Amino acid sequence: MSSRKRVFDLLRTINVASCQCPAHGYRGNIHVSNSTPVKDYAFEIKCSTVRYGLGVTREVGQDLVNLNAKNVCVMTDSNLVSLNPVKAVLNSLTKNGVNYKVYDRVRVEPTDSSFKDAIKFAKEGNFDSFVAVGGGSVMDTCKAANLYYCDPDADFLDYVNAPVGKGKSISLQLKPMIAIPTTSGTGSETTGVCIFDFEEIHAKTGISHNALRPLLAVIDPLHTLTVPEKVSNYSGFDIFCHALESFTAVPYTERGSAPANPTLRPAYQGSNPISDVWARFCLQTLQKYFVRSVYNADDIEARSSMHLAATMAGVGIGNAGVHLCHGLAYPIAGNVKSFVPKDYGTEPIIPHGLAVVMTAPAVFRFTAPSDPDKHLEAASLLGADVANAKRDDAGKILSDTILKYMDAMKIENGLKALGYTSSDVPDLVKGALPQDRLLKLTPRPQSADDLSKLLEDSLTIY
Ligand SMILES: NC(=O)c1ccc[n+]([C@@H]2O[C@H](COP(=O)([O-])OP(=O)(O)OC[C@H]3O[C@@H](n4cnc5c(N)ncnc54)[C@H](O)[C@@H]3O)[C@@H](O)[C@H]2O)c1
Ligand SMILES: [Fe+2]
């Protein structure tokens, strides 16, 4: 009994002497009700197992043997299939005696039809595991193929996010998936999200559930050495916006109601002290290595750092979420007219990172009043001098900092340069409004008029 008392005394002493900052400041004397609070009061961090190292792809074959895999579906795209990242994976599988079939028809910036083609391929094989080698397009396609392979009778829209689809929760166990990113951008290797362009509405939407998260993310910086300049540039801005949006997203305590069952807590929960750590790391890494990595393909230090930052930002967004830049990017990419970017093939597409960053200067001017200090901190982590900055100027300071990066990376001068005019704005707003999951994470309420203004302000940016 006396030792029990000593434990309580010790706990009380630690409690009183402990740090009282918001992250550590729980004093133990707060009255905690037994009934479930109306607003959410908790967050959780979920993440794929992450393995990082130069050349670590060589271990994948052994991982599949450890999983007792007998028939593996390897997914990639038609460009990567003849490049080193895929060769390294197939070598490792062959060396370890693992049977596989390769699907190389993944579409860059996938659509519902391209997802369905991959799903059909998966359903025709008797696969017990999946390996995705590629950028976000490949990893997302592989997640969808795995899901509908495991639930062959499901209608495609069953699992697609509401209101576009039925937003059904995934209750079945998917096959193990290993994700091997070859771009430094999306972070899809650790997220429970897969995104596609739903052709019918000319906007992107997706499927979002923890069950989609790959079992293992193999982060091998060697794969970044073949990434062309524009892919490295645009996917770098995806990291950039993931970090900025998850850092400034509505706090998890203000997102909405507490779920009746913890399994129903959404993947995108709002900013929280843990995802803030990932975001800060990424912003500092971007400051040091972003420009270097884009313009020096053989700068292994810069490219390795960006590759790790992409995964870190992925863990951040996979739990905190993203908001307006992504919400507006989905119709910007979905309504593409004739813009054909260099290094992405011959079809008109607006690469995800480019679509996302286009509205960033306007978005952060708009969101700054919600939390000027955090916006100033973000600008400072990206290299701005904020020593004498006024809180009222936080939006302008962060926006100017973003524009400096966009200018250094020769980003096109606004939506006009991508083929849009003022007359397209109503359609773009119409495409953004169904992105409910993202818009509600924006730290300021926004009307359709606000969205129009943000898009108008992004028609020309310099
Ligand atoms: N699931 C998520 O959490 C999430 C997050 C952000 C973005 N996304 C999605 O990811 C997609 C974009 O993915 P991305 O930016 O990684 O690009 P990507 O997968 O579309 O690839 C872009 C181009 O780069 C080429 N490429 C990729 N790696 C290469 C390498 N190592 N060497 C040479 N060429 C290489 C590809 O063949 C392709 O032509 C979009 O559809 C976007 O919506 C998903
Ligand atoms: Fe993104």
Side-chain angles (χ1 to χ4, degrees), residues 48 57 75-88 104 106-111 114-115 132-144 179-198 203-209 212-214 217 220-246 267-268 297 303 307 310-311 313-319 321-323 325-330 332-334 341-347 349-357 360 438:
S48 308
T57 305
M75 294 209 153
T76 190
D77 67 36
S78 59
N79 170 37
L80 278 157
V81 73
S82 52
L83 298 181
N84 280 344
V86 173
K87 282 185 194 155
D104 67 1
V106 165
R107 185 184 194 274
V108 175
E109 303 287 324
T111 61
S114 76
F115 265 17
V133 202
S137 298
V138 171
M139 293 185 279
D140 286 7
T141 302
C142 192
K143 289 176 191 174
I180 308 172
T182 61
T183 57
S184 306
T186 70
S188 177
E189 62 276 11
T190 74
T191 69
V193 177
C194 60
I195 310 286
F196 64 95
D197 183 7
F198 191 36
K204 287 194 170 192
T205 182
I207 306 171
S208 169
H209 194 278
L212 291 173
R213 228 177 269 279
D220 185 345
L222 274 186
H223 300 327
T224 64
L225 297 177
T226 50
V227 178
E229 184 183 306
K230 279 293 172 194
V231 175
S232 168
N233 180 342
Y234 295 149
S235 53
F237 275 112
D238 197 18
I239 310 180
F240 194 95
C241 289
H242 288 169
L244 283 176
E245 287 173 63
S246 62
Y268 283 7
R303 290 221 162 179
H307 212 39
T311 301
V315 180
I317 58 158
N319 292 285
V322 281
H323 55 80
C325 301
H326 274 73
L328 294 170
Y330 291 162
I332 291 173
K342 193 168 168 280
D343 296 336
Y344 280 80
T346 52
E347 288 211 20
I349 54 163
I350 299 179
H352 175 70
L354 175 61
V356 164
V357 77
L438 308 184

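None of the values given here were measured: they were computed from a predicted structure. All ligand and atom numbering here is 1-based and tracks the order in the structure.
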Is [X] close to ligand 1, meaning an N/O of one under 3.5 Å from an N/O of the other?
X      : result
Pro110 : no
Asp140 : yes
Asp77  : yes

Query raised in the report: Can the ring centroids of Phe240 and Phe237 be said to lie less than 6.0 angstrom from one another?
Result: yes
Requested in this report: Compare Thr224, Thr190, Thr186, Thr183 and give the one whose heavy atom is closest to atom 5 (C) of ligand 1.
Outcome: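 The nearest heavy atom belongs to Thr186.
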So which bit of [X] gets within less than 4.0 Å of ligand 1, heavy atoms only: side chain, backbone, both or neither?
X      : answer
Lys204 : side chain
Val227 : both
Pro228 : side chain

Going by the atom numbers of ligand 1, which of them fall below 4.0 Å from some non-hydrogen atom of [X]?
X      : result
Val231 : 23 (C), 24 (O)
His352 : 6 (C), 7 (C), 40 (C), 42 (C), 43 (O)
Asn79  : 25 (C), 34 (N), 36 (C), 37 (O), 39 (O)

Report task. Considering only NZ, NE, NH1 and NH2 on the basic side and carboxylate oxygens on the acidic side, decide whether Lys204 and Glu109 come within less than 4.0 Å. Result ->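 A salt bridge links Lys204 with Glu109.
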Query raised in the report: What's the atom name of the N, O or S in His352 nearest to the Fe ion (ligand 2)?
Result: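 Considering only N, O and S atoms, His352 comes nearest to the Fe ion (ligand 2) through NE2.
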Query raised in the report: At the Fe ion (ligand 2), what is the angle formed between atom NE2 of His326 and atom OD1 of Asp238, rounded to the nearest 10°?
Result: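 With the Fe ion (ligand 2) as the vertex, NE2 (His326) and OD1 (Asp238) sit 110° apart.
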Query raised in the report: Would Thr311 and Glu189 count as having a side-chain donor-acceptor pair, cut-off 3.5 Å?
Result: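 Result is yes, a qualifying pair exists.
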Report task. Could you establish whether Met139 and ligand 1 come within less than 4.0 Å of each other, counting only heavy atoms on the residue side? Result ->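 The answer is no: ligand 1 sits nowhere under 4.0 Å from a heavy atom of Met139.
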Query raised in the report: Heavy atom of Gly134 under 4.0 Å from ligand 1?
Result: no
Requested in this report: For atom 39 (O) of ligand 1, grab the closest protein heavy atom and report residue, atom and distance to one decimal in Å.
Outcome: Val108 CG2, 3.7 Å
Query raised in the report: Has His242 got an N/O/S atom less than 2.8 Å from the Fe ion (ligand 2)?
Result: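 So His242 counts as coordinating the Fe ion (ligand 2), yes.
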